[in-house]
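First listed ligand is number 1; within each ligand, the first listed atom is number 1.
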Amino acid sequence: MANPSPRRTSHPGSRIMSVASYRPRTEVGNETVAALIDSSDEWIRRRCGIESRRHAAPDESLVMMGAAAASKALASAGIDPLDVSAVLVATMSHRGRATTVAPLVADALGATAAAAMDLGAACAGFPYALATADALVRSGAAGYVVVVGAERMTDIIDDHDRGTAFLFGDGAGAVVVGPAQTCEIGPVVWGADGSHSEVLRYDETGILRMAGPEVFRWATSVVPDVAKRALDAAGMSASDLAAFIPHQANLRITSVAAKALELGPHVQVATDIVTNGNTGAASIPQAMAALPDTSGPALLVGFGAGLSYAAQVVTLP
Ligand code: COA
C-alpha cells in the first residue's frame, strides 16, 4: 500500500459528550388526529399515554431537523464540525430523492471531513448507531462521531389508519460521541427477529402498517429481557441507574418494562411520548434531551420494525 494515511490511536472507551433535540413547530393535539379515525382524546390517552405530538411542516425536512439537532449538540460539546470524523443518521422514514440523509446532514453541518451513512434499524436505530459510534471511536477508526435519529413519520403514516395515525410524530435528536479513558457507553446487547417482520412493515406504497396487539405483546416481552441483559453486560443492577430511557413507543410498554425491572423511585423514567408521540429512531435522544437535570447511568432500549432491538447503559452527559 503506497503512502498509507496515519491511523488514529485506539481509546479505552467512548462517551456521550452532549445531547440535543429538534421539535417541529406544529403541536397537534389528540382531537385533531381522532377526528380522522373515529377515535377520541380519552381512548388515545388511555391506550398509549399520548396527549399531543409534533408534525413537521414542509420546510422541516429530515435533513433540516437532523442538522438542527446535531448542530446544537456540537455547539454544546464544543466540537468544531471540521473535527467530526463520522455522521451516522438512524432513520426509517426517508423518502427523499437523495439516496441517504447523512451526507446532506454532514454538508449542512460543515462536517466536510466526515464519513457519512444512514443506519436502518427502525425504532432500534439509535442504540444500533450509538454502538457503532462507540466501536468506531474505541478502535481509532473515528475521533468524534455525530449520531442522529431523525424521523418524519408523517411521511410514512396514513392519517386515516386507526392503528397508527394517533401514535407517531416527527422530530430529531442527536448526540456527539468522543474518546474517553473509561467505557461510558456500555456493551450493547442487540439482535433481530426477521421471522416476525410482517407485524410492522411497509405496504406496497411505502406506508407503515402495524399489527398493534402483536407488536405490543412482542415489545412487552423483549424489552425487559434485553434491558436486564444490558445491565448484566455493564456489571450493574437496576438500583444503580439514574434513568431509564426506552424507545418512546407507547407509555404502557414503558410502564410494563419499568415494573419488570423493579426500578426504584430515584430512577427517572422517560415519558417524552406524552407530548411528543412516538418519533421512531429519534425518540431516545429526544427523551434524553428532555431530562436535562439528570446525570449518571441511563439504560437505553430501542425496539421496533425488523423486528430489531438493542440496549446499552450509558453515562448521561
Ligand atoms: N380509536 C378508538 N378505538 C380503536 C382504535 C382507535 N384508534 N383502534 C382500535 N380501536 C378499538 C378496536 O376497534 C377494538 O374495539 P372492540 O374491542 O370493540 O373490537 C379495541 O379498540 C381494541 O383494539 P386493538 O387493536 O386490540 O387495540 P389495542 O388495545 O391493542 O391498542 C395500540 C392499539 C396500537 C395502542 C396497541 O396495540 C399498541 O400500543 N401496540 C404497540 C404499538 C407500538 O408500540 N408500536 C410501535 C413499535 S415501534
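There is a protein heavy atom less than 4.0 angstrom from atom 29 (O) of ligand 1. Within the 4.0 Å cut-off (strictly below), no protein heavy atom is located near atom 16 (P) of ligand 1. Within the 4.0 angstrom cut-off, atom 44 (O) of ligand 1 has one or more protein heavy-atom neighbours.
Around atom 31 (O) of ligand 1, the closest heavy atom drawn from E42, M210, R47 belongs to R47. Nearest to atom 48 (S) of ligand 1 by heavy atom, out of Q248, H247, E214, R252, is H247.
At a threshold of 4.5 Å between non-hydrogen side-chain atoms, the residues V89 and T100 do not count as touching. Using a 4.5 Å heavy-atom cutoff, the side chains of Q312 and W190 are not in contact.
For T154 and D170, the side-chain atoms include at least one donor-acceptor pair closer than 3.5 Å. Side chain to side chain, T294 and Q268 fail the donor-acceptor criterion of an N or O pair below 3.5 Å.
Below 3.5 Å of separation, one finds no N or O of N278 facing any N or O of ligand 1. Residue R162 has at least one N or O atom closer than 3.5 Å to an N or O atom of ligand 1.
Here the protein heavy atom with the shortest distance to atom 47 (C) of ligand 1 is V215 CG1, 3.8 Å.
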